[in-house]
Amino acid sequence: MADVVIIGGHGKVALLALPLLAEAGHSATAVIRNPAHAADVEAAAGTPLVLDVENATEDELAAAFTGRDAIVWLAGAGGGDPRRTYAVDRDAAIRSMDAAARAGVRRYVMVSYLGAGPDHGVPEDNSFHAYAEAKAAADAHLRASGLDWTVLGPAGLTLEEPTGLIDVAPLPEDAERKVSRANVARTIVAALDLDATIRRTIEYVDGATPIPEAFARV
């Protein structure tokens, strides 16, 4: 049993992951910015913690993490404003990693996206550019942090029902670049449960292999 903190605890994937973590025997605290979202978190078998990660200091984050076993990053600025995208997806994410190290929480799972990295190829005049740059910086910081990290790189997210089946990169050229949010929630639980995923970047799409089996091979 692990005590897990999910940052971005009211997002669609987080609300799907919370009951799965409970079913797996873990306890999960969902970090939320809006107190009105607490009831949704509780209904999903999570414990709400109101904390604005965009503005929280490293000290505040470390205090929230102390005594925990793992951190899962699911927060995002949602695009639109580049300033806020960098503030959340890069700066706050990096503060959370440094805070985890200070608090002695070694396990950290970052939910990124398929194709993230310095060679993301998104042009500067594209509205996605700030997000791509922010995620590349945050992912790189995590890999260099010394934490027991996993970077998950799901393809484009859908609202399809979960299959529990994925295919991991390298992917064939004709693979459809999509994955259900419900399957992403299942990959988070699998990553936390499987030591084989530590210090691995795992990019994936909906596919034909059971998630634990796919992850055991990485």
Side-chain angles (χ1 to χ4, degrees), residues 6-21 30 40 44 53 72-82 84-90 92-93 108-143 149-192 194 197 200-215 217-218:
I6 296 183
I7 303 173
H10 191 256
K12 291 183 178 70
V13 174
L15 292 175
L16 292 167
L18 288 170
L20 297 175
L21 289 165
D40 293 336
V53 295
V72 177
W73 181 273
L74 273 169
D81 179 359
R84 186 160 184 267
T85 296
Y86 285 117
V88 175
D89 294 286
R90 182 190 62 193
Y108 194 111
V109 175
M110 166 63 74
V111 179
S112 188
Y113 70 94
L114 177 63
D119 56 349
H120 54 72
V122 181
E124 290 187 25
D125 60 355
N126 188 301
S127 61
F128 192 72
H129 179 79
Y131 180 77
E133 287 284 290
K135 293 302 280 186
D139 293 354
H141 189 87
L142 180 59
R143 294 185 184 105
W149 57 267
T150 301
V151 175
L152 297 177
L157 302 178
T158 75
L159 294 172
E160 297 297 322
E161 292 296 313
T163 63
L165 305 173
I166 61 171
D167 290 329
V168 300
L171 299 165
E173 288 294 326
D174 60 351
E176 192 167 7
R177 262 56 174 177
K178 68 176 187 178
V179 61
S180 71
R181 287 175 171 83
N183 271 350
V184 175
R186 283 157 175 75
T187 66
I188 291 167
V189 180
L192 290 169
L194 295 171
T197 66
R200 296 289 185 272
T201 298
I202 309 171
E203 298 185 315
Y204 57 94
V205 299
D206 280 339
T209 307
I211 291 167
E213 182 181 333
F215 276 14
R217 298 173 179 173
V218 297

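The figures that follow rest on heavy atoms only: side chains count, while hydrogens, waters and symmetry mates do not. All of these numbers come straight from a predicted model, not from anything done at the bench.
Side-chain contact between Pro210 and Leu165 is present, with heavy atoms from C-beta onward closer than 4.5 Å. Arg143 is listed as a side-chain neighbour of Thr201, based on a closest heavy-atom distance under 4.5 Å. Using a 4.5 Å heavy-atom cutoff, the side chains of Leu16 and Arg181 are in contact. In this structure, the side chains of Tyr204 and Thr209 stay at 4.5 Å or more apart for every pair of heavy atoms. The closest side-chain heavy-atom distance from Glu203 to Leu171 is not below 4.5 Å.
Atoms CG and CD1, from Leu194 and Ile202 in turn, are 8.5 Å apart once rounded to the nearest 0.5 Å. With rounding to the nearest 0.5 angstrom, the CG atom of Leu192 is 9.5 Å from the OG1 atom of Thr187. The distance from atom CD of Glu160 to atom CG of Asn183, rounded to the nearest 0.5 Å, is 10.5 Å. With rounding to the nearest 0.5 Å, the separation of NZ in Lys135 from CG in Leu142 is 10.0 Å. Between the CD atom of Glu176 and the OG1 atom of Thr158 there is a distance of 9.0 Å, given to the nearest 0.5 Å.
Remark: the backbone N or O of Thr163 is not paired with any side-chain donor or acceptor of Asp206 at under 3.5 angstrom. Proximity of a side-chain donor or acceptor of Asp139 to a complementary backbone N or O of Gly117 within less than 3.5 Å is not detected. For the pair Glu124 (side chain) and His129 (backbone), a donor-acceptor distance under 3.5 Å is absent. Side-chain N or O atoms of Arg186 include none that pairs as donor or acceptor with a backbone N or O of Gly164 at under 3.5 Å. Between the side chain of Thr150 and the backbone N or O of Thr197 there is at least one donor-acceptor pair closer than 3.5 Å.
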Under the side-chain contact (heavy atoms from CB on, under 4.5 Å) criterion, do Val184 and Val179 qualify, and how do the steps go?
CA-CA 7 Å; Val184 175; Val179 61; 3.9 Å; yes

Mind running side-chain contact (heavy atoms from CB on, under 4.5 Å) on Leu21 and Ile6 for me, showing each step along the way?
CA-CA 11 Å; Leu21 289 165; Ile6 296 183; 3.7 Å; yes

Audit row: Ile188, Val13, side-chain contact (heavy atoms from CB on, under 4.5 Å) steps and yes/no:
CA-CA 9 Å; Ile188 291 167; Val13 174; 3.9 Å; yes

What do the steps show when you test Tyr131 against His120 for side-chain contact (heavy atoms from CB on, under 4.5 Å), and what is the final call?
CA-CA 10 Å; Tyr131 180 77; His120 54 72; over 6 Å; no

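Counting all heavy atoms, side chain and backbone alike, Arg177 lies closest to Ala155 at C-CB, 3.4 Å. Of all heavy-atom pairs between Pro162 and Ala182, the closest is CB-CB, 3.4 Å. The minimum heavy-atom distance linking Trp73 with Met110 is given by the pair CD1-SD, 3.4 Å. Across Asp89 and Gly76, no two heavy atoms sit closer than the pair OD1-CA, 3.3 Å. Residue Tyr108 comes nearest to Ala93 through the heavy atom pair OH-O, 3.9 Å, listed as atom of the first residue, atom of the second, then distance. Counting all heavy atoms, side chain and backbone alike, Ala136 lies closest to Pro118 at CB-N, 3.9 Å.
Applying the 6.0 Å contact sphere to CD of Glu213 captures more than 12 heavy atoms from other residues, nucleotides or ligands.
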